[in-house]
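To keep things clear, I will list the structure first and then write my remarks on it.
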Protein chains: 2
Amino acid sequence: MPRPSLSRDEILDTAANLVKQHGPGALTMRKLAAELGTAVTSIYWHVGNRESLLDALVERTVADLGELRPTGGTPAQRIVSVARALRRRLRDHPHLVAMVHERGLTEQMFLPAQEVLVREVHAAGLHGARAAEVVRAVQFHVVGHVLVERNRERAPVQRPGEEELWGARTADGDPALARALAAPIDTEKVFTTSIRALVTGLLEAPPRGAGTGATVN
Amino acid sequence: MPRPSLSRDEILDTAANLVKQHGPGALTMRKLAAELGTAVTSIYWHVGNRESLLDALVERTVADLGELRPTGGTPAQRIVSVARALRRRLRDHPHLVAMVHERGLTEQMFLPAQEVLVREVHAAGLHGARAAEVVRAVQFHVVGHVLVERNRERAPVQRPGEEELWGARTADGDPALARALAAPIDTEKVFTTSIRALVTGLLEAPPRGAGTGATVN
DNA sequence: ACCTGAACACCGTTCAAGT
DNA sequence: ACCTGAACACCGTTCAAGT
C-alpha cells in the first residue's frame with residue numbers, strides 16, 4: 001500500500017514547507033517527491049512542471065499576506081503607512097520575494113496594496129492618469145527596495161569593501177559623510193526616508209508643465 | 001598540439017561573450033570549456049569556480065560602464081540627470097543586472113554614480129550623515145527600479161491579467177484610472193516621475209524633527 | 001485517471017593522474 | 001605550473017508502460 005492518493009493541494013503544501021525551511025533553491029522536483037513519498041513523475045501529472053509549481057506557490061502566498069490598513073491623518077501619511085506595511089509583510093516572507101523574482105512576478109507582490117493605495121491617492125485629490133502615475137511610482141519604489149534589500153542579504157563580503165573605499169578624499173572632503181557611507185546600511189531608515197520623500201514629492205508635483213516653482217530636470 | 005596556453009583573461013573574454021549573447025543562464029562551465037577548446041577542469045584552475053567567474057565578470061563590466069556626467073542647472077536637476085544616466089547604462093547591460101542579482105552584488109552597480117552624486121549632494125548644501133542618506137535613497141531607488149524593470153521583462157503573461165483586474169469598480173469609481181492601470185506600463189515615465197519626486201522630496205525635507213510644515217508619517 | 005521506473009540530456013565540482 | 005579524463009552527486013523532463 002503505497003500512499004493515500006496524491007492531490008495538487010498536498011503537493012503545494014509540502015512544497016511550501018520545503019521553501020519555507022530552506023528557500024526556493026531547495027525546492028527540487030526530486031526532493032519534493034521524496035518528501036511526498038511518490039515518484040517524481042507523479043508531480044508532473046498534477047502541477048505540470050517546476051515553473052507552474054512556483055507560480056502556484058506565489059499566488060497562494062500573496063493571497064495569504066492579508067489586508068493592509070492605512071494609518072495616519074493626511075493622505076500622504078496614509079500612503080506612506082501602506083508602503084511601510086507592505087514592505088514589512090514582504091520582509092517577513094523573504095522566500096516569497098525570491099520566488100517572485102525567479103519567476104518574474106513582481107507585479108503580484110504589489111496586489112495587496114494596490115486597491116488600498118488607489119483609495120488613498122483619490123483622497124489626496126488625484127484622479128485618472130495622474131493617480132495611476134502615483135500608484136505606479138510607489139509600486140516600483142517599494143518592490144524595488146525589497147528586491148535590493150533581499151539581494152544584499154545574501155551578498156558575499158561586498159566586493160571592494162565599501163569601508164576602505166570611502167576615505168575622506170573620495171568623499172569630497174567630508175569625513176562625516178565618508179564615515180556614514182562606510183558604515184553598514186540601515187535599510188529600514190533608507191526606506192523610511194525615501195518613501196516619505198517620494199510621496200511628498202509626488203503629491204506636491206505640479207500637473208505637468210504648469211509648474212509654479214523650479215522644475216526638476 | 002591542443003591550444004596555445006590558456007589565460008584567465010581569455011577565459012573572462014569568452015565568458016563575457018557567452019553572457020552577452022545568451023545571458024548568464026547560458027554560461028555553464030561545460031559550454032565555456034567547449035567554446036575555449038579545453039577541458040572543463042582547466043577553467044577551475046584559473047578562476048576557481050562559477051561564482052568567482054561571475055564576480056569577475058561583474059567587476060569588469062561595471063568598470064566598463066564609464067563615467068556619468070551630470071547635466072542641468074540646479075543640484076536637483078543634476079542629481080536626477082545622474083540617476084537617469086545610470087538607469088540607461090544599466091538598461092543597456094541587462095545581463096549585468098542579471099549577474100549582479102544572481103551574485104548579490106547590487107552595490108557594485110551603483111559605484112559609477114556614487115562619487116559623482118556625493119559632489120552634487122554637497123552642491124545642494126547637504127553634508128555628513130544627511131548627505132549620505134540622500135545618496136543611499138537614490139541608490140536604492142535606481143537599483144531597485146532597474147531590478148523591477150528587468151524582472152518584468154522576462155515575466156510570463158502577468159498573472160491575473162491586470163487588464164481585466166481593473167474594472168471601474170475596483171478602481172474606486174475612476175474609469176480613467178482603471179484604464180491607466182490596465183494599460184501596459186511605461187517604465188521610462190515611471191522612472192522619470194518617481195526620481196524627480198524623490199529628489200525633490202529629499203532636498204526639501206526638514207533636518208529631522210525641526211519640521212516647518214506637516215511631517216509625513 | 002493516476003502512478004511508475006527507466007532514460008535523456010544536462011549541471012558544478014573534486015581528484016588522482018599526467019606533463 | 002598547468003592540463004586532463006573519469007567519476008560523483010546532483011538536476012528537470014519525457015515517455016512508454018502499468019493499474
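Reminder, nothing fancy here: chain letters follow the sequence lines and each chain counts from 1. Please read these numbers as outputs of a predicted model, since none were measured by experiment.
- Both A/R30 and A/I43 sit near DNA chain C, but only A/I43 has its closest nucleotide nearer the 5' end.
- For the side-chain contact (heavy atoms from CB on, under 4.5 Å) criterion with A/H101, the lone passing option out of A/V143, A/L147, A/V146 is A/L147.
- Taking atom CG of A/L32 as the reference point, atom P of D/dT13 lies 12 Å away to the nearest angstrom.
- For A/N49 and D/dG12, the CG to C1' distance is 9 Å, given to the nearest whole Å.
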- Represent DNA chain D in dot-bracket notation, 5' to 3'. Only Watson-Crick or G-U wobble pairs with both distances under 3.5 Å count; pseudoknot-style crossings use [ ] and interstrand partners use |. ||.|||||...|||||.||

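- Residue pairs meeting the salt bridge (Lys or Arg N to Asp or Glu O under 4.0 Å) criterion with at least one partner in residues 91-101 of chain B, sequence neighbours excluded, are B/R91-B/E149, B/R91-B/E153.
- With respect to A/R60 and A/D13, a salt bridge is recorded, a charged nitrogen being found less than 4.0 Å from a carboxylate O.
- Protein atom CZ of B/R50 is 15 Å distant from nucleotide atom P of C/dT14, rounded to whole Å.
- Nearest to the side chain of B/S42, among C/dT14, D/dC3, D/dT13, sits D/dC3.
- At most 12 heavy atoms of other shown residues, nucleotides or ligands fall within 6.0 angstrom of atom CD in B/E67.
- Checking D/dT13, C/dC11, C/dT4 against every side-chain atom of B/K31, the shortest atom distance belongs to C/dC11.
- Ionic pairing of A/R103 and A/D55 is present here: one or more N-O contacts between side-chain nitrogen and carboxylate oxygen are shorter than 4.0 angstrom.
- A straight line from CD of B/E51 to P of C/dC11 spans 17 Å, rounded to a whole angstrom.
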- Task: Determine, stepwise, if the pair B/T14 / B/N17 fulfils side-chain hydrogen bond (donor to acceptor under 3.5 Å, both in side chains).
- Result: CA-CA 5 Å; B/T14 60; B/N17 251 322; over 6 Å; no

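- For the C1' atom pair drawn from C/dC10 and D/dA9, the interatomic distance equals 13 Å after rounding to whole Å.
- For A/M29 and C/dA6, the CE to P distance is 19 Å, given to the nearest whole Å.
- Side-chain N or O atoms of A/R136 include none that pairs as donor or acceptor with a backbone N or O of B/D186 at under 3.5 Å.
- Regarding contacts with the backbone of C/dC3, every side-chain N or O of A/T38 stays at 4.0 angstrom or more from both OP1 and OP2.
- Atoms OH (A/Y44) and C1' (D/dA17) sit 19 Å apart, rounded to a whole Å.
- When the P atom of D/dG12 is taken as reference, atom CH2 of A/W45 falls 21 Å away, rounded to whole Å.
- Note: CG (A/L27) to C1' (D/dC10) measures 15 Å, nearest angstrom.
- Here the side chain of A/L6 is nearest to one of C/dC3, D/dA1, D/dT13, namely C/dC3.
- Distances shorter than 4.0 Å separate none of the side-chain N or O atoms of A/H46 from OP1 or OP2 on C/dA1.
- Nearest to the side chain of A/T41, among D/dC3, C/dT14, C/dA6, sits C/dA6.
- When distances are taken from the side chain of A/A39 to each of C/dG5, D/dC11, D/dT4, the shortest belongs to C/dG5.
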